[in-house]
Amino acid sequence: QAQLVESGGGVVPPGGSLTLACTPSTPTFIIYANDVMGWFRQAPGKGREFVAAVTWRNNKKYYGEAVKGRFAISRVAAENAVYLRMDGLKPEDTAVYYCARNSDYYTWNDASKYKDWGQGTQVTVSS
């Protein structure tokens with residue numbers, strides 16, 4: 001069973017917006033102070049791409065070049081939840097979006113360092 005659950009995906013036209021949510025699948029899942037929570041995406045036939053990450057302790061945020069200025073990551077510590085607000089969506093943003101947890105603070109964009117991946121949520125940008 002996946003430790004994290006993503007939700008909020010769907011079909012939107014170019015220029016549209018979506019907000020994805022990432023929440024624990026069980027109440028026993030704990031996000032620790034030194035963890036980094038990240039969003040990645042994978043389009044058909046492509047590798048997993050870093051989208052955004054947020055450090056749990058001090059709320060520092062990082063973004064992939066392709067989404068800077070359009071996407072915003074946020075966290076709600078009381079809910080153990082992470083959100084990804086996506087504005088100005090483009091067809092090339094079409095992918096399955098995943099969230100995961102990384103215990104290594106300094107490798108926030110390295111997918112191989114993340115664990116507890118969710119099942120993903122599909123985002124399709126099409127007119």
Could you state the interatomic distance from CD (Glu65) to CG (Asn109), rounded to the nearest 0.5 Å? 11.0 Å

Within this structure, what is the OG-NZ distance for the pair Ser103 and Lys115, rounded to the nearest 0.5 Å? 3.5 Å

State the OH-OG1 distance between Tyr62 and Thr55, to the nearest 0.5 angstrom. 6.0 Å

Please enumerate all residues that pass salt bridge (charged side-chain N to carboxylate O under 4.0 Å, His left out) together with Asp87, with sequence neighbours excluded. Arg85

Any chance CD of Gln122 has more than 12 other-residue heavy atoms, nucleotides or ligands included, within less than 6.0 Å? yes

Is there a donor-acceptor pair under 3.5 Å between the side chain of Glu6 and the backbone N or O of Cys99? yes

Between atom CZ of Arg101 and atom CD1 of Ile30, what is the distance when rounded to the nearest 0.5 Å? 8.5 Å

Taking all non-hydrogen atoms of both residues into account, name the closest pair between Ala43 and Ala95 and its distance. N-CB, 3.8 Å

Is the shortest heavy-atom distance from the side chain of Tyr105 to the side chain of Asn34 under 4.5 Å? no

Partners of Glu79 by salt bridge (charged side-chain N to carboxylate O under 4.0 Å, His left out), sequence neighbours excluded? none

Using the side chain to side chain contact (heavy atoms under 4.5 Å, CB included) rule, take Ser7 and Thr121 through it: C-alpha gap first, then chi angles, then the decisive distance, then the call. CA-CA 6 Å; Ser7 61; Thr121 185; 5.7 Å; no

For Lys61, does the NZ atom have more than 12 heavy-atom neighbours from other residues, nucleotides or ligands under 6.0 Å away? yes

Treating Tyr114 as the side-chain partner and Trp108 as the backbone partner, does any N or O pair qualify as donor plus acceptor under 3.5 Å? yes

Approximate separation, where rounding is to 0.5 Å, of Asp110 CG and Asn102 CG: 7.5 Å

Quick one: does any side-chain atom of Ser127 pair with a main-chain N or O of Pro13 as donor and acceptor, under 3.5 Å? no

Can you measure from CE (Met86) to CH2 (Trp39) and round to the nearest 0.5 angstrom? 8.0 Å

Applying side chain to side chain contact (heavy atoms under 4.5 Å, CB included), run through Val123 and Leu18 and close with a yes or a no. CA-CA 9 Å; Val123 172; Leu18 281 174; 3.9 Å; yes

Applying side chain to side chain contact (heavy atoms under 4.5 Å, CB included) to Leu84 and Phe71, what does each step give before you reach the verdict? CA-CA 7 Å; Leu84 184 69; Phe71 291 12; 4.2 Å; yes

Sequence-distant partners of Lys90, side-chain contact (heavy atoms from CB on, under 4.5 Å), two or more places apart: Arg70, Glu92, Asp93

Taking only residues two or more places apart in sequence or in another chain, which ones pass salt bridge (charged side-chain N to carboxylate O under 4.0 Å, His left out) with Lys46? none

Passes side chain to side chain contact (heavy atoms under 4.5 Å, CB included), Ile31 versus Arg75? Steps please. CA-CA 11 Å; Ile31 300 176; Arg75 63 155 175 66; over 6 Å; no

Just wondering, do Tyr97 and Val51 contact through their side chains at under 4.5 Å, heavy atoms? yes

Tyr106: what forms a side-chain contact (heavy atoms from CB on, under 4.5 Å) with it, not counting sequence neighbours? Asp104

Can a donor-acceptor pair be found, under 3.5 Å and without considering hydrogens, that links the side chain of Ser25 to the backbone of Gln3? yes

Of the non-hydrogen atoms in Pro14 and Ser126, which two are nearest, and what is the gap between them? CD-C, 3.7 Å

Val36 vs Lys113 side-chain heavy atoms within contact, under 4.5 Å: no

Any chance you could lay out the side chain to side chain donor-acceptor pair (under 3.5 Å) test for Thr28 and Thr26, step after step, and finish with the verdict? CA-CA 5 Å; Thr28 58; Thr26 69; 3.0 Å; yes

When you measure from the centre of the six-membered ring of Tyr98, is the NZ or CZ of Arg41 under 6.0 Å away and within 45° of the axis? no

Tell me if the centroids of the rings in Phe40 and Phe50 come within less than 6.0 Å of each other. yes

Considering non-hydrogen atoms only, spot the tightest contact between Ala111 and Trp117 and give its length. O-CZ2, 3.5 Å

For Val76, the other hydrophobic cluster members (4.5 Å side-chain criterion, sorted by chain and number) are Tyr83

Nearest heavy-atom approach of Gly9 to Leu20 is N-CD2, 3.6 Å

Close side-chain approach of Asn80 to Thr23, heavy-atom, < 4.5 Å: no

